[in-house]
Amino acid sequence: MPKNGVSLYFTIRDGGSQVLSAIGDKTKALDKETQSLAQAQQALQKANESLTRRQTELKTALEKSQVAVKDARSEFRKLHDEASGNKLQDAIEEQEELKRSLRDVEDQLKSNSKTFNEYRETLRKGSAGSGSGGSGSSVLSTLGQAGAFAFLGDAAAQWGTTLADSAFGNGAGSVLSSALSGAGSGAAIGSMIGGPVGTAIGAALGLVVGGLSGGSQIYEEQDDAFKSYVQEGAESALSDQQERTETGSTIAGSREQTQMAFAQRLGSDEAAAEYLAQVRTMAARTNYGYDEITGYSKLLLNSYDPEEVFGVLQSLSDATAALDLSSSDIEVMISGLSRMRTTGKATQEYLNFFSERGVDVYDALGQAIGVDKSQVSDMVTDGEIGGVEAAQAILDYIDQEFGGLSEKLMGTYDAMVDNLSDAEANLQARAGEGYNETRKQGIQAQQEWMEDKEGELGDAYSMIGQWQASLENLAEEYERAALDAVMSGTASDLYEGSDQQARLEELAQEYQSALADYEAGNEEAGARMGQLLAEAQIIAQNEYNASEGAQLALQSQLDLAETIREDTASNEAYWNAGYRKGQEFSKGMAAAWWRGGSSDVEPGAMILNAAGEVVPAGGYAMGLDRVPYDNFPALLHEGERVLTANEARAMDQANGVQVSIGSVSIGGSLGGVSILDIAMEIAKELERAAVVAVPR
């Protein structure tokens, strides 16, 4: 029975068997070489059909690979790491492999077409040589004509695919290719059945069936793309959610420790929370990240009050925008400020921290104390400028020269990306905070349970470890005993009375003989000695597997598997989750159409089903093959018809179809199947019948 439920049959009427018998009698006159050529020609035609389908598949795959290469290249440009580089390389290699495969298929199609022409020419000459009126000539002419139609259909399909793909994309090419190929096959069958009229009818039918077949291929590709989109969307959302929680948990855990450190430094949790709130605000409007600000703050709080820190950081942010400073540059400048304020001295070493990074400290100090910048160096050497005064003069100079530049910096692309990352990190941290706080309860409960059960659990774990170690010891003991028995002839109680005891004694004798040969200079005997020892190890492994301990371990594993199987089978929810998710991802556009129902239903409309549940309403404008249960709710539409169960059964039994084309009859029960199902089955039968010659 076909998968789609359509049962069709082909019969030959009007003395079909006599016609076929006549064909058999006539073709006996053909020589074996001509028959072989005809069979080879038919085989080539089938090969071309397969190659054409493969060509379409490769073109589709190549388009997808081009998108993959583009995405991988964009990712590499953004990340510039090894993983994205490897991903790009793999995508390019896959694309090149598809291109090579496509070239091979196209080359094979060209070669097959050339060979096909040669076969056809040979058949034509054979037909001419057999005489114009002979029976062989008639059959060859029919076969040649049919083959020509089929070949022309394939050639037209190839050209049509190429041109349609070029103009409209792969979708149009597939439909046109299938339609033209079907027209050629239909014409071939029609020419063998009904001459010119049969050729025209066959071509028309083949065109329709081929077009339907091509359309089904396009729908299948679209449906696969739809399924992939749904699955990728769902999995991406779940993956993003999990990644967001995991990343947020890490960020929240780190920030929790940071808050504890600042609470210790600032004197209370409230002060720390308030300070870190200002850190988040500053991270969102400067080139600094959250962790950078907290790191700088720990250094600055050694010499500045908390309310002064953000002003210093703002000045340094402006300097960063003007002088393109790195985070390490900022740390050095903070170190210079802190040392000057802590020691109360302004030295050449501390001033160099700033001058080496583009700040004219001598001009800054000269303006602050009202002297020419050329005099500043000597005053610093003489210790005439204090450290606190110098630090403030440098910050004032930075504000004067570069103030406000950090706001302009925030308008650049890189700065906006950094600030966006800070905003995302803040959101992830919120998710992590919720996760961590709730997870703490479970961790605490787990810890308390383990501590409470430490004695019992410890004893159990200890016994499990002893059992595992005893098995390993036993396996090693069997191996030692076997090797000793072979190398030194030492007998072991482990093998006493076993089937392998005699074999070990034989191996021991062979080993001693090989050892003597080896000591006499025969190096090949060394290989024999190794072989004997390897066999002894195998004997040891086998005897261990047959031992009571190993058998007990095996039985415990089998019992565990049986217990899990029986327990799992008791509740479908235990094992069916993965299957149900896979089934949901396997549903395509038809499922969306079916569940979506009619556009007449108001969005969010609800109905009461037979179980008394309130469920979303859904119409069945595309029809419902069978009402699944009593009191099934459905919205009906103008012009539709509802049948009783008896009427539906009577219609199912009465419905049928009988199609006749020349002497070929097609019949069978519809059973509620669509015309597309019938057309697809006709296409399959036409393909099977493509090699049957039936002269009128």
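This one's a predicted model, so the numbers in the text were calculated from it and none came from an experiment.
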Undergrad: Are the side chain of Q512 and the backbone of M487 linked by a donor-acceptor contact shorter than 3.5 Å?
TA: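 Yes; at least one donor-acceptor contact below 3.5 Å.
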Undergrad: If we ignore hydrogens and angles and just use 3.5 Å, is the side chain of N436 paired with the main-chain N or O of S249 as donor and acceptor?
TA: yes
Undergrad: Aromatic contact between F310 and Y275, with the criterion being ring centroids under 6.0 Å apart: yes or no?
TA: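 Centroid distance F310-Y275: below 6.0 Å, so yes.
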Undergrad: Identify whether the distance between the nearest side-chain nitrogen and carboxylate oxygen of E96 and K99 falls below 4.0 Å.
TA: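 A salt bridge links E96 with K99.
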Undergrad: Could you check whether atom CG of D240 has more than 12 heavy atoms from other residues, nucleotides or ligands sitting under 6.0 Å from it?
TA: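 Yes.
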Undergrad: Is Y288 reaching over with its side chain to a backbone N or O of M282, donor-acceptor style, under 3.5 angstrom?
TA: no
Undergrad: Give me the atom names and distance for the closest heavy-atom approach of Y518 to G526.
TA: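 Looking at all heavy atoms of both residues, the closest pair is CD1-N, 3.6 Å.
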Undergrad: Check for a donor-acceptor pair, side chain of D329 on one end and backbone N or O of S326 on the other, with a separation under 3.5 Å.
TA: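 Yes, D329 side chain to S326 backbone: donor-acceptor pair under 3.5 Å.
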Undergrad: Under the salt bridge (charged side-chain N to carboxylate O under 4.0 Å, His left out) rule, what do E57 and R54 come out as? Steps first, then yes or no, please.
TA: CA-CA 5 Å; E57 293 172 358; R54 178 60 177 161; 3.7 Å; yes
Undergrad: So do L532 and R528 actually touch side chain to side chain, heavy atoms under 4.5 Å?
TA: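 The answer is yes; the side chains approach within 4.5 Å.
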Undergrad: What pair of heavy atoms forms the shortest contact from T286 to N419, and how long is it?
TA: O-OD1, 3.0 Å
Undergrad: Please examine the side chains of L98 and L102, heavy atoms only from C-beta on, and report whether any two atoms are closer than 4.5 Å.
TA: no
Undergrad: State the CG-OG distance between D291 and S327, to the nearest 0.5 angstrom.
TA: 12.0 Å
Undergrad: Looking just at side-chain N and O atoms, do E424 and Q428 make a donor-acceptor pair shorter than 3.5 Å?
TA: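 Absent: no donor and acceptor within the cut-off.
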Undergrad: If you define the side chain from C-beta out and look only at heavy atoms, does anything of V312 sit under 4.5 Å from Y296?
TA: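 In short, these two side chains do not touch, never coming nearer than 4.5 Å.
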Undergrad: Where is the tightest heavy-atom contact between Y290 and V279, given as atom of each residue plus distance?
TA: CD1-CG1, 3.6 Å
Undergrad: With a 4.5 Å limit on heavy-atom distance, are the side chains of V309 and L301 in contact?
TA: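 Yes, side chains in contact.
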Undergrad: Could you state the interatomic distance from CG (L313) to CD (E308), rounded to the nearest 0.5 Å?
TA: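 Reported value, rounded in 0.5 Å steps: 12.0 Å.
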Undergrad: Any side-chain heavy atom of Q531 within less than 4.5 Å of one from L507?
TA: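 SC-SC contact between Q531 and L507 ruled out.
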Undergrad: Could you report the tightest heavy-atom contact between A550 and L471, atom names first, then the distance?
TA: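 Heavy-atom minimum between the residues: N-CD2, 4.2 Å.
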Undergrad: With a 6.0 Å cut-off (strictly less than), is the heavy-atom count around CD of E331, excluding the residue itself, greater than 12?
TA: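 Above 12, so yes.
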Undergrad: Distance alone, cut at 3.5 Å: any donor-acceptor contact between the side chains of Q555 and Q551?
TA: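 No, Q551 and Q555 have no side-chain donor paired with an acceptor closer than 3.5 Å.
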Undergrad: Heavy atoms, side chains only, cut-off 4.5 Å: are M450 and Q447 in contact?
TA: no
Undergrad: Measure across Q500 and E543 and return the closest heavy-atom pair with its distance rounded to 0.1 Å.
TA: CG-OE2, 3.2 Å
Undergrad: Are the side chains of S492 and Y478 in touch, meaning some heavy atoms are under 4.5 Å apart?
TA: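 No, too far: nothing below the 4.5 Å cut-off.
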Undergrad: Between CD1 of I539 and OH of Y495, what distance do you get to the nearest 0.5 Å?
TA: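 Here the rounded value is 7.5 Å.
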Undergrad: For A540 versus E479, what's the shortest heavy-atom pair and its separation?
TA: CB-CA, 3.5 Å
Undergrad: Determine whether more than 12 heavy atoms belonging to other residues, nucleotides or ligands lie under 6.0 Å from atom CD of E307.
TA: yes
Undergrad: Whether the side chain of S338 engages the backbone of S335 through a donor-acceptor N/O pair (distance < 3.5 Å, no angle test) should be reported.
TA: no
Undergrad: Any salt bridge between E433 and R255, counting N to O under 4.0 Å?
TA: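 Not counted as a salt bridge, because no side-chain N and carboxylate O are separated by less than 4.0 Å.
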Undergrad: In this structure, are over 12 heavy atoms from other groups packed under 6.0 Å from R100 atom CZ?
TA: yes
Undergrad: Backbone N or O of G458 within a donor-acceptor pair of the S462 side chain at under 3.5 Å?
TA: no
Undergrad: Atom CD of residue position E274 - does it have more than 12 heavy atoms of other residues, nucleotides or ligands inside 6.0 Å?
TA: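 Atom CD in E274 is not packed in, count stays at 12 or less.
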Undergrad: If you apply the rule side chain to side chain donor-acceptor pair (under 3.5 Å), what do you find for Q466 with S470, and how did you get there?
TA: CA-CA 6 Å; Q466 292 176 25; S470 68; over 6 Å; no
Undergrad: Go through L266 and Q259 one step at a time and tell me if the side-chain contact (heavy atoms from CB on, under 4.5 Å) criterion holds.
TA: CA-CA 10 Å; L266 300 178; Q259 176 153 345; over 6 Å; no
Undergrad: For S65 and L62, indicate whether the former's side chain and the latter's backbone hold a donor-acceptor pair under 3.5 Å.
TA: yes
Undergrad: CG of D559 to CG of L554: how many Å apart, nearest 0.5 Å?
TA: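 Here the rounded value is 9.5 Å.
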Undergrad: Say you draw a straight line from CD1 of I330 to CD1 of I293; how long is it, rounded to the nearest 0.5 Å?
TA: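 Spacing of CD1 (I330) from CD1 (I293) equals 11.5 Å.
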Undergrad: Determine yes or no for a side-chain-to-main-chain donor-acceptor pair under 3.5 angstrom, with S547 supplying the side chain and Y544 the backbone.
TA: yes
Undergrad: Where do E448 and Q444 land on the side chain to side chain donor-acceptor pair (under 3.5 Å) test, with the steps shown first?
TA: CA-CA 6 Å; E448 291 175 356; Q444 182 65 30; 2.8 Å; yes
Undergrad: Does CD belonging to E523 count more than 12 external heavy atoms closer than 6.0 Å?
TA: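 It does not: E523 CD has 12 such atoms or fewer within range.
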Undergrad: Ignoring hydrogens and geometry beyond distance, is a side-chain donor-acceptor pair present between E505 and Q509 at under 3.5 Å?
TA: no
Undergrad: Are the charged groups of R480 and E477 less than 4.0 angstrom apart, N to O?
TA: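 Salt bridge absent between R480 and E477.
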Undergrad: CG/L427 to CG/D422 distance, rounded to the nearest 0.5 angstrom?
TA: 11.5 Å
Undergrad: Taking the side chain as every heavy atom from C-beta outward, state whether Y511 and M529 have any pair of such atoms under 4.5 Å apart.
TA: yes
Undergrad: So, S421 versus D418: side-chain donor-acceptor pair below 3.5 Å or not?
TA: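 No.
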